[in-house]
Amino acid sequence: MNGREFDFTEELGELRTLVRQFCEEQSPEDVVRTTMDSEAGFDPALWRRLGTDLGVLGLHVPEAYGGGDAGLVAQAVVVEELGAALVCGPVLGTLALAVPVLCALSREDVKETHLPGLVSGDRVGTIAGPLLQGTFDAAGVTVTAVEADGGWRLNGAVGHVPDGAAADLVLVPARTPAGTALFLVEGAPAQLRRTPLTTLDQTRRQAELELVDCPAVQIADETETAQVCEQAARVAAVLLAAEQVGGAQVMLGRTVEHASGRYQFGVPIGSFQAVKHRCADMLVAVEQARSAAYHGAWSLQDGTDDPALAASMAKAVASDSYVKVAAAAIQLHGGTGFSWEYPAHLYFKRAATDAVVLGSTEQHIDRIAALVLDAAPGR
Amino acid sequence: MNGREFDFTEELGELRTLVRQFCEEQSPEDVVRTTMDSEAGFDPALWRRLGTDLGVLGLHVPEAYGGGDAGLVAQAVVVEELGAALVCGPVLGTLALAVPVLCALSREDVKETHLPGLVSGDRVGTIAGPLLQGTFDAAGVTVTAVEADGGWRLNGAVGHVPDGAAADLVLVPARTPAGTALFLVEGAPAQLRRTPLTTLDQTRRQAELELVDCPAVQIADETETAQVCEQAARVAAVLLAAEQVGGAQVMLGRTVEHASGRYQFGVPIGSFQAVKHRCADMLVAVEQARSAAYHGAWSLQDGTDDPALAASMAKAVASDSYVKVAAAAIQLHGGTGFSWEYPAHLYFKRAATDAVVLGSTEQHIDRIAALVLDAAPGR
Amino acid sequence: MTTATATTAETVEELARTVVRERPPATTPTAELMGAWYDAGLAWVHFPRGLGGLEAPRMLQTAANRVLKEAGGPEPRTVNIIGYGIVAGTIVRYAPPELAARLLRPLATGEELWCQLFSEPGAGSDLAGLATRAVRDGDDWVVTGQKVWNSLAHLARWGILLARTDPDVPKHKGLTYFLVDMQSPGVEVRPLRQITGRAQFNEVFLEGVRIPDAMRLGDVGAGWAVSLSTLSDERVGLGDRVPARGAGSIGEALALWAARPDRQTPVLRDRLARLWLRSESHRLTVERAKVAAGHGVFGPEAAITKLVASELNQQVYEFCQELLGLEGTLYESYTSVLEDDDSPTPYQRKFLRSRAATIEGGTSEIQRNIVAERVLRLPADLRNDKNVPWRDVPRS
Amino acid sequence: MTTATATTAETVEELARTVVRERPPATTPTAELMGAWYDAGLAWVHFPRGLGGLEAPRMLQTAANRVLKEAGGPEPRTVNIIGYGIVAGTIVRYAPPELAARLLRPLATGEELWCQLFSEPGAGSDLAGLATRAVRDGDDWVVTGQKVWNSLAHLARWGILLARTDPDVPKHKGLTYFLVDMQSPGVEVRPLRQITGRAQFNEVFLEGVRIPDAMRLGDVGAGWAVSLSTLSDERVGLGDRVPARGAGSIGEALALWAARPDRQTPVLRDRLARLWLRSESHRLTVERAKVAAGHGVFGPEAAITKLVASELNQQVYEFCQELLGLEGTLYESYTSVLEDDDSPTPYQRKFLRSRAATIEGGTSEIQRNIVAERVLRLPADLRNDKNVPWRDVPRS
């Protein structure tokens, strides 16, 4: 499906249509609301259909591990549509984090064993480690690994684990005497205690995980771990940016629709320049977010830009745009905008959450400044 | 004339009317344009009339030194009106800097000798030293003083000296073996070389001064100098803030007038919300600037707030407001706004200049943060 | 009114001290205390005697309330927030004395709470475009329509209602103002949940609700003028209580800043200082306006206050959310539906709640129009709904 | 047009190579070189043969110009910026062939420069409301009025002019489009100085200027349609040349940053990185739009480009000014009145010049209207000047 940057091929268009139609039919707003209030917070059957029937949960995964081998841009298109529909599911934990981490590993056996289940949607994965600032922060690792009886035991607590309550597969960076290595905890051992958290964004769950002498297997050594996690954090940032574009686009569309149909003072409110011009600014924000997000996807896919720079650009622009657009949507809908019944608040909460997960805008700006300003020679 | 904060007494109102009428009659726009293009850049006769006939150049100076002893608020009202009319004159060098420095000195003889001439408008004063960042920066002193033949000789160059080409009286902080002391250079000695600079703001001159073995008298010792300069910098910041309010108010008024009378598409452009709402934002900016500027004046006059905080508040808010309002005025005037013939550009240039003179907004915000955030205990 | 000029702060304070001496707030039920307060003419000192007032200058109210507060009594308006805030003044101006007497005492004591039934789903910024119909039937009016954003409607005994009695005249001219008994058949109140998960407002459905003509305030067709009097009361005193430096939302941001040294950066420090400075210059502006006016800020100037304060509120909580970082992605609970303003409100809830600040009570767009047209005297928007029968004005 | 499909990039390049081989740009006077260029059909390859074209696909122009440039020749449009940019296309579409032939060659060679006489002091955003009158007198039209923002008018031999020929019909319907000889009696050009002190534009006063009817383009009363064709050419290709990362104003800011380590602070660093990021996402957006359209960006989408680029330009130079600090309070000189774009432009002049960016070529307010109405399809502003005789539309 690859092409030159921003050349959205026909295949990508068909993929988008496929996922959009699926979401419209299988996850319209009322389903989202029911699902987000359910105990699990997502519908495993729906997730499995995305993975198995549609085959869109591993498009950036090589075929050898059950993936579609279609590249990150294609995966971004899928995530954009899932974000547009606010589909409840382990997008962040599984799709954006666990899968890229596993993909980046050198150990073939681990990939062959664990990726197919995630890609098919049968299993949920996540990572419990300091990646949520958008880079891998080895100093922030709170879990310790000790060798015992020929295996490893993990101890420590990790907060804000995306999809942490539902995960069948938890990747855990942990401190060993030799440095930080990556471990894998499978199933639901009693030594892994999960405390579900009430999230601002009702459509996306987090949990706090506590590991108490929890058995685990090591899947990457002290040299590989940081590199694998760093690489995965970039992929995750780009996919989250695509999700933000999807949500922002919906908010823009709903707002334009509202402004065209809502009459006050005898005219559609969209004919007032205060409303109209803010819509124009929303469009600019969405378009810039789309450009930055897909530039990120293409760069990570084809190597056309510094991946660290492209990922931070994608995440920073998309975060700011989504928050700005969702906030404007609420404002321009008036009272309806902040009512529980209208979905704008669900998008706003997703936007507010996405904006700090995987690195705040300020953090990404700081990284961009380091690459563009601090490194630049005087002319 | 004093009253409680923001109680603009009838006397203050009369003072304002007096100065405004004088400016309207004596310094209308065409006079400003002629004067700014003249060699001196200001009209000494007009300045003398302000000092002697109107008596408004030393309102914050005690009567003992020829002043009006009416307080800083009254002086701020005068400066606001001078700023509104863009009167060309040594407001910054003489009124805002030299007079407050002299007032703050302990040596009565120096005050008695030098203040009356400045207050009457007969003489022009300035300070050639590192005060233009809004505080006294002893490390930035570039002039050295040596004792010779029972007197002092100064050496060094100072850039950006306001009214530096016209000054009859130059105050110079200079390094002595014992620290930084304050000196006074009078008249036009050959050892004081002046290079007039072309300024962005055509209505306010600067010069670069070079002192080459220039004879000078010491007027404050190493202990007093920093304190005197610091205090003067605060007074200057507050007076400059008042000037900014005056200019911003004029730009708002001209813009409202233009938007009400200029028709496009069959209606006054002020009926378009894009124009109307920007005018509303301009009003908010002007009102906040006025509040901060006069809070500063009252605080320095009556001690009702930390003077360092109040001065930085005044300067930061007024700078941002003036730039914002002058820029909006240009925009809302369309092509007329950036034409040479219409005066908006003169205000914009004054605004852009005032915004960096006596400390940039970022510097004042930093000082405010130090006082309000860094010093605050946790609750 | 001859005695009015004789009433001084001293006499008002003396009357107030008598009330609190005879009925110590700590041990007297609020309704009894406030009943005595009303009977002493202290509920609204500028009202007529017998209707909770003393025909005294309005500014003396502050003195009375201070005595009550110092004795441990309530801030009167908290007893019946809409009743005190916007209803009482309209009743005393427009209701016949007997009706006023019947309504004002239980309003003052808090025994009969009030709510406001003005806004509609189709009439927000354009209130005068509302569609709720009132049709005359004998001595009654029969009202059908839907209202929205009605706080306290689920607890209120009475509502002030604006309804359309003549759709064939231009919109402002066909409105009439009623007092509606919320216990009447056909009144249905439904809680309206918001972004925070709480229900601070209600929707009110009116289905064939009968209102006696005696409960009409003002003439038929003169409802707009009456409602303006109500809305003007709402705005009065916005600036009465200028907060102290560092109070309000900015104060919370400062507290959060001090509590999170690990999250402090030079860039966030600059942003917070700028927010503090804007809050403080706004506070000084309100203080200055108050000095200039000699009292509270109201009328079009109040639109500036509302505009700036609401936008600052949003920006401050956006900052807090950024300072909280990942902690900001958690929430207390969405399952508790009822508003409970006594519990300490977490930052996240205030962040969500702040989105409504620039909408409720007139959107920022409307406030900017008011500031521009009524303070700066800029020309009005071009309009197509003037001098047109309401029936013919295009609607959603 | 049968040969058009046969023309390929190769044939165009071959023709171009022949021209530069026969007349080496380094030693050939520009007028002669560009005359040969015109005669070879390379001035506008999509134009008819004999009128500077080859009836070839427009996209082949790039190949021709590249050859010329590589041989050291000029970018053709710089020879006659308004002539190439907006006049030629209108002439070829609307002028009779003989007239077109007479005008296009000296236009192409730069021997006859062109200017645009559209805007007026009273008709800026509302161009169609213009007041310059053209009255028929025999075979001539007699024109009286004032035009403004006319760059190059002091050097131009010809001007394209929009004038009102019928004030009694709605504004768009009473306009006619003329070509005016700038050497005609009654034409007076005055330089118009701007904020920078330079005169980049002129005012043009027309007092009883006679224009032969033969110099009219399009029908009487059809001037608006002709002018739209001109303005549309102005917008074409806005996105043709997407700059490289870090080029343009942001590149200058980066250079200034690198040159002033003493002025760097974390807060300014954050601001500059944000400006860089916005410039870069805008640049990527233009690139993406270009890929999507298969070529340059024009039409309503170009309004987005103009809107964002002009506001960024302002913000970038505001940043530079802040970085310059006190140095920014000095200026090169206000005494040199004539625009001289060859000298290196100091930051301060660019800072001042940037204030015009959001006004010239359509204000940001107008651009936002275009984006909202023509891209998002939001409803138009309510209007009172439609279907009203121009004479009766309220004016300043």
Side-chain angles (χ1 to χ4, degrees), chain A residues 251-252 254-288 316 320-321 323-338 356 360-363 365-366 368-370 372-374 376, chain B residues 251-252 254-288 316 320-321 323-338 356 360-363 365-366 368-370 372-374 376:
Chain A
M251 282 291 91
L252 169 60
R254 296 290 291 251
T255 304
V256 167
E257 198 182 317
H258 174 80
S260 303
R262 163 97 176 161
Y263 279 67
Q264 294 282 276
F265 305 104
V267 291
I269 61 169
S271 69
F272 294 117
Q273 289 187 348
V275 173
K276 180 183 293 200
H277 289 191
R278 191 143 183 202
C279 287
D281 290 338
M282 290 167 79
L283 174 67
V284 169
V286 171
E287 292 302 323
Q288 295 196 349
D320 271 9
S321 292
V323 168
K324 181 176 163 182
V325 168
I330 290 180
Q331 180 68 23
L332 298 182
H333 275 82
T336 303
F338 63 93
V356 290
S360 70
T361 299
E362 195 197 337
Q363 290 171 321
I365 291 289
D366 180 58
I368 290 169
V372 176
L373 301 182
D374 306 349
Chain B
M251 281 293 93
L252 170 61
R254 296 290 289 253
T255 304
V256 167
E257 199 181 316
H258 174 79
S260 303
R262 163 95 176 162
Y263 280 67
Q264 293 282 275
F265 305 103
V267 291
I269 61 169
S271 69
F272 294 117
Q273 289 188 347
V275 173
K276 181 182 292 199
H277 289 191
R278 192 145 183 199
C279 288
D281 289 339
M282 290 166 80
L283 173 68
V284 168
V286 172
E287 292 301 322
Q288 294 195 350
D320 271 9
S321 292
V323 169
K324 182 177 163 178
V325 168
I330 290 180
Q331 180 68 24
L332 297 182
H333 276 82
T336 304
F338 63 91
V356 291
S360 69
T361 298
E362 196 197 336
Q363 291 172 320
I365 290 289
D366 180 58
I368 290 169
V372 176
L373 300 183
D374 307 348

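Numbers restart at 1 for each chain; the letters A, B, ... are given by sequence-line order, proteins then strands. Computed from heavy atoms alone, side chains included, the values below leave out hydrogens, waters and symmetry copies.
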Could you pull out the closest heavy-atom pair between [X] and [Y], with the gap in Å?
X	Y	answer
B:C279	B:L332	SG-CD1, 3.9 Å
A:A326	A:M251	CA-CG, 4.2 Å
A:A259	A:V275	CB-CG1, 3.9 Å
A:M282	A:A329	CE-N, 4.0 Å

Give the atom names and distances for all donor-acceptor pairs closer than 3.5 Å across chain B and chain A.
from: B:Q273; atom 1: OE1; to: A:A274; atom 2: N; distance (Å): 3.1
from: B:A274; atom 1: N; to: A:Q273; atom 2: OE1; distance (Å): 3.1

task: Could you pull out all residues at least two apart from B:F338 that satisfy ring-ring contact (aromatic ring centres under 6.0 Å, His included)?
output: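 B:F338 satisfies ring-ring contact (aromatic ring centres under 6.0 Å, His included) with D:W149 once adjacent residues are dropped.
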
